[in-house]
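What you are looking at is a predicted structure, and each value in this text was computed from that prediction instead of being measured. The sequence lines fix the lettering, A, B, ..., with proteins before strands; numbering per chain opens at 1.
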Number of protein chains: 2
Amino acid sequence: MDPRTFKDQIYAGFTQIGKVVSSPKRIELLDLLSQSPKTVETLVKETAMSTANTSKHLHALLEAQLVRYEKEKNYVIYQLANEKVVDLLFAIKTIAEEQIEDVTRLRDEFIVRSDDLETITLEEWLNRRDTNEHVLIDVRPQEEYVNEHIDGALSIPIEALNEHISLLPMDKEVIAYCRGAYCVYATEAVERLKVLGYQAVRLEAGVHEWREHYHKQTDDFVRKR
Amino acid sequence: MDPRTFKDQIYAGFTQIGKVVSSPKRIELLDLLSQSPKTVETLVKETAMSTANTSKHLHALLEAQLVRYEKEKNYVIYQLANEKVVDLLFAIKTIAEEQIEDVTRLRDEFIVRSDDLETITLEEWLNRRDTNEHVLIDVRPQEEYVNEHIDGALSIPIEALNEHISLLPMDKEVIAYCRGAYCVYATEAVERLKVLGYQAVRLEAGVHEWREHYHKQTDDFVRKR
DNA sequence: TATCTATTCAACTAATTAGTTGAATAGTAG
DNA sequence: CTACTATTCAACTAATTAGTTGAATAGATA
């Protein structure tokens with residue numbers, strides 16, 4: 001095999017992964033699955049696609065070996081087959097944030113919103129967290145909380161905010177997080193809580209950022225010994 | 001704007017980046033530009049595409065804001081507009097390596113080749129490098145070496161290996177590197193050197209992996225103080 | 001000035017893709 | 001066994017895409 005053929009074939013291999021993220025709906029599916037395994041039904045509701053189209057995109061992900069499934073009762077539950085998909089999504093989002101004006105604009109307009117809707121970064125939260133003057137709430141669907149959540153967080157899904165609101169103290173700051181920097185749930189929760197008189201703040205991070213930080217800490221610890 | 005419209009638009013934004021890596025030739029262009037800025041002419045030769053098609057793909061990269069260009073004489077020189085493209089390519093390659101069998105197979109067959117063609121990782125090299133019992137050579141085109149190279153490396157482009165071979169000592173180990181884990185140049189150099197009686201070894205890393213390591217070291221240093 | 005070289009552009013073709021529709025399958029519950 | 005639910009599959013359409021060809025442009029050189 002000549003070098004050109006080798007290059008063509010190896011880049012064709014890379015492209016099998018690249019093609020996956022060339023469709024908005026497939027990126028959204030991977031984003032959702034990165035929070036927790038989900039049935040086709042759930043993915044259909046979350047993405048607002050037809051069942052057939054959702055199934056077809058999931059099979060494209062299967063072919064690229066990025067997801068796998070198991071059957072339970074008459075449901076099919078899909079999950080990520082490789083955790084590094086999270087890094088791929090992160091790389092795409094970071095570049096889009098820096099290079100695509102629309103992305104920045106949309107985020108500012110719908111997630112960050114206004115200055116009186118306070119946002120804290122992961123680092124800021126980590127510095128404050130030991131003071132015990134706040135309560136951290138996870139406003140994602142409960143199955144995502146059950147799959148993984150930030151240590152010490154309370155599960156209060158956004159649809160159940162009103163029912164569980166009695167769990168929240170008025171005298172402490174309420175810090176809400178959801179799927180990450182492009183998820184509207186935490187913004188919505190903070191806005192609704194503030195209207196009700198709570199001190200509420202949005203944490204701009206999800207479980208992946210938190211886990212990443214946690215590993216970095218552990219690595220440092222190991223290296224320092 | 002309702003939440004669904006917001007999601008559709010934000011994922012459409014991400015997809016502008018994702019679409020770029022859905023074509024093997026565009027991944028190859030980004031890969032080449034990640035080594036050094038290049039003229040259209042050079043990219044045409046490296047990718048074996050027609051000039052018109054190369055130009056068209058470069059304009060697709062321009063539209064996604066991933067490259068920029070400057071004109072010099074009657075040449076147009078393209079370069080990456082965002083260094084994080086390297087992270088994106090790395091994420092894709094890592095996943096492809098783990099999930100796509102063809103990629104692993106091709107790499108073993110054409111890069112790693114046989115057991116008597118010794119390969120060392122970046123970590124192994126970093127541990128050995130202070131012993132002064134070897135010489136490190138960069139076998140990429142000279143313009144890429146000039147743009148950035150591993151500290152202490154000698155530039156011996158693969159096409160000029162025979163001419164410059166007198167620079168290499170027979171009594172020291174020769175360690176060759178090129179663009180990274182999927183580049184054939186270093187393998188070719190090591191094979192040719194071994195035939196001529198040199199002790200030659202392939203370093204499985206490029207400037208990006210080296211730079212990444214260098215930053216991590218610096219960060220640790222800063223954090224430890 | 002005319003000529004050469006590097007690059008871009010416009011028009012076209014063949015192939016691929018996302019999405020729809022409706023039928024088929026497979027497992028569950030009555 | 002029947003009815004129901006979740007999922008997949010096949011056939012089709014409209015839109016997009018990669019690549020080609022040949023002409024156009026723009027800067028450099030003679």
Side chain to side chain contact (heavy atoms under 4.5 Å, CB included) for A:Ile156 and A:Leu193? Distances and angles first, verdict last. CA-CA 12 Å; A:Ile156 304 194; A:Leu193 287 171; over 6 Å; no

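Ion pairing between a basic and an acidic side chain is recognised when a charged N comes within 4.0 Å of a carboxylate O; B:Arg107 and B:Glu204 show such pairing. In this structure, A:Arg105 pairs ionically with A:Glu109, as a charged nitrogen and a carboxylate oxygen lie closer than 4.0 Å. The pair A:Asp151-A:Arg211 does not meet the salt-bridge criterion, since no charged nitrogen lies less than 4.0 angstrom from a carboxylate oxygen. Using a cut-off of 4.0 Å between Lys/Arg side-chain N and Asp/Glu carboxylate O, A:Glu28 and B:Arg4 are scored as salt-bridged. Looking at A:Glu46 and A:Arg179, a side-chain N of the basic residue comes within less than 4.0 Å of a carboxylate O on the acidic one, giving a salt bridge.
Near DNA chain C, defined here as any heavy-atom distance below 4.0 Å, the residues from residues 4-20 of chain A are A:Lys19, listed numerically. Within residues 62-74 of chain B, the residues approaching DNA chain C are B:Asn74, by heavy-atom distance under 4.0 Å. For DNA chain D, the neighbouring residues in residues 53-61 of chain B, judged by any heavy atom under 4.0 Å, are B:Asn53, B:Lys56, B:His57. Using a 4.0 Å cut-off on heavy atoms, the residues of residues 27-52 of chain B that approach DNA chain C are B:Thr39, B:Val40, B:Glu41, B:Thr51, B:Ala52, listed by number.
Two residues are said to be in side-chain contact when any heavy atoms from C-beta on lie closer than 4.5 Å; A:Arg140 and A:Val207 meet this criterion. Inter-residue side-chain proximity for B:His149 and B:Ser155 is flagged as unmet; no heavy-atom pair is nearer than 4.5 Å. The side-chain heavy atoms of A:Leu117 and A:Glu191, taken from C-beta on, include a pair separated by under 4.5 Å. Residues B:Ile10 and A:Phe110 fail the side-chain proximity criterion, which asks for heavy atoms closer than 4.5 Å. Side-chain atoms of B:Val139 and B:Glu188, non-hydrogen and from C-beta on, never get closer than 4.5 Å to each other. Using a 4.5 Å heavy-atom threshold, the side chains of B:Tyr177 and B:Leu136 count as touching.
Nucleotides of DNA chain D with any atom under 4.0 Å from a heavy atom of chain A span, from 5' to 3', D:dT5 to D:dC9.
By the 6.0 Å contact criterion, CZ on A:Phe6 is enclosed, its count of non-hydrogen atoms from other residues, nucleotides or ligands being greater than 12.
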Quiz: residues 80-93 of chain B side-chain donor-acceptor pairs under 3.5 angstrom, not counting sequence neighbours:
unit_1	atom_1	unit_2	atom_2	d
B:Asn82	OD1	B:Lys84	N	2.8
B:Asn82	ND2	A:Glu98	OE1	2.8
B:Asn82	ND2	A:Gln99	OE1	2.7
B:Lys84	NZ	A:Glu98	OE2	2.4
B:Lys93	NZ	B:Asp31	OD1	2.8
B:Lys93	NZ	B:Asp31	OD2	3.2

